[in-house]
Protein chains: 2
Amino acid sequence: MEEISEKKKAIFESALKLVQKCGFHGTPMSMIAKNANVAAGTLYLYFESKDELLTALFNYNKKKVETAVDQYLNDETSYKEQFFKIWLHLYKFYITNTEVLKYFEQYINSPYNVERNPLHFRGKLYEFLDKGIKNNQFFMSRTEMLRINPKSWGVVISSIDS
Amino acid sequence: MEEISEKKKAIFESALKLVQKCGFHGTPMSMIAKNANVAAGTLYLYFESKDELLTALFNYNKKKVETAVDQYLNDETSYKEQFFKIWLHLYKFYITNTEVLKYFEQYINSPYNVERNPLHFRGKLYEFLDKGIKNNQFFMSRTEMLRINPKSWGVVISSIDS
DNA sequence: GTGGAGTGAATGAACGTTCAGTCATAAAGC
DNA sequence: GCTTTATGACTGAACGTTCATTCACTCCAC
């Protein structure tokens, strides 16, 4: 995780809290600024535009999640064990950072999300799931469902276990 | 399903298509009007405000889904059989009406959604799932996951089957 | 001719963005 | 050490645009 200035962090925190509550359209830049104790103009020293701010906030938190999870991806333990560990930590992360998950859901279903991809459609986690699917680790007909929503994983776990 | 005027239907169709593509903020009333071949003012003969239009559109489509599914809820067949049938028809509905599902996802994660409830948290379908949970029809630890997303149901089905 | 449906230009508020100006601190000159 | 000059982060009022909403008007069925 690259280090970011305190001010930028304050802006991120302010935006996360507000957008999660009021939505993208419902949170003017002036409000983000006020809540972060900076002037409106300051936002534009750190970000090119509102769009860029909101996209940066998404990527910032996405990276946070990824680093919280990627450490459990290794070939030293069984696939099943890795799967459980990752799910557990993803679950924990989202439970303790509900505002992050809420922001993700807002962002993903908004026009800001240009890629139009679900949350974990890139990176190591994606590769891990993909490998599992190819190696028949999952017993289900429509494996693409795995990548829909971390919340669904609980169901998958029962499936694997039975 | 109560009958609605052709004009209202045209407005709904226009809004559905545009919002799904451009998002709530990205679709001005003027655009909805133009796309429906009516004047901007006409929208206000049928709806009180933009908010009301978008909420009405949500409820309109929700009712559509519900009537498409509720007919399969009856006590004449086994729980399992009902579950399969409902899932199949929900799935079919969303596959043939992708823009409806996309609109739902946008709406549910927007500040317009005052109830802050997932999609099928009310009505007969909810009661059906609730009954199944209480009667131990599902073998999983976190049954509330059932109500998250119709797409996840495929996973649940494998779970029931195994 | 009256009533009601429909129109679309006009209105005004909200908001993203800009930029001239402030101020604290650092560097340079004496 | 003290004064002057330069720097650039930061500010917030002002600007221009975008849009939801309105309303004076037209059109048409009866």
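In what follows, every chain begins at residue 1, and chains take the letters A, B, ... in the order their sequences are listed.
Taking Ser30(B) as the reference, Pro28(B) meet the side chain to side chain contact (heavy atoms under 4.5 Å, CB included) condition, with sequence neighbours excluded. Among residues two or more places apart in sequence or in another chain, the side-chain hydrogen bond (donor to acceptor under 3.5 Å, both in side chains) test is passed with Tyr103(A) by none. Take Phe47(B) and apply the ring-ring contact (aromatic ring centres under 6.0 Å, His included) test, not counting sequence neighbours, and it matches Phe12(B). With sequence neighbours left out, Ser14(B) forms a side-chain hydrogen bond (donor to acceptor under 3.5 Å, both in side chains) with Asn35(B). Residues forming a side chain to side chain contact (heavy atoms under 4.5 Å, CB included) with Lys17(A) (at least two apart in sequence, or on another chain): none. Shown here are the side chain to side chain contact (heavy atoms under 4.5 Å, CB included) partners of Ser78(B), two or more places apart in sequence or in another chain: Lys80(B), Glu81(B). Shown here are the side chain to side chain contact (heavy atoms under 4.5 Å, CB included) partners of Asn61(A), two or more places apart in sequence or in another chain: Leu16(A), Leu57(A), Lys64(A), Val100(A), Phe104(A).
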Any N/O pairs under 3.5 Å between the protein and nucleotides 3-10 of chain C? List them or say none.
residue, atom, partner, partner atom, Å
dG6(C), OP1, Lys7(B), NZ, 3.3
dG6(C), OP2, Tyr46(B), OH, 2.9
dT7(C), OP2, Ala39(B), N, 3.0
dT7(C), OP2, Thr42(B), OG1, 2.4
dG8(C), N7, Gly41(B), N, 3.3

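You'll find the side chain of Lys34(A) stays beyond 4.5 Å of the side chain of Met31(A), heavy atoms only. Inter-residue side-chain proximity for Phe24(B) and Gln106(B) is flagged as met; some heavy-atom pair is nearer than 4.5 Å.
Comparing the start and finish of the helix from dG1(C)-dC30(D) to dC30(C)-dG1(D), five pairs each, the helix axis swings through 10°, to the nearest 10 degrees.
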Please list every donor-acceptor pair under 3.5 Å in which a side-chain atom of residues 39-46 of chain B meets a protein atom from a residue at least two apart or in another chain.
residue, atom, partner, partner atom, Å
Thr42(B), OG1, Ala39(B), O, 3.3

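First and last contacting nucleotides of DNA chain D toward chain B (any atom under 4.0 angstrom from a heavy atom, 5' to 3' order): dC19(D) to dT22(D).
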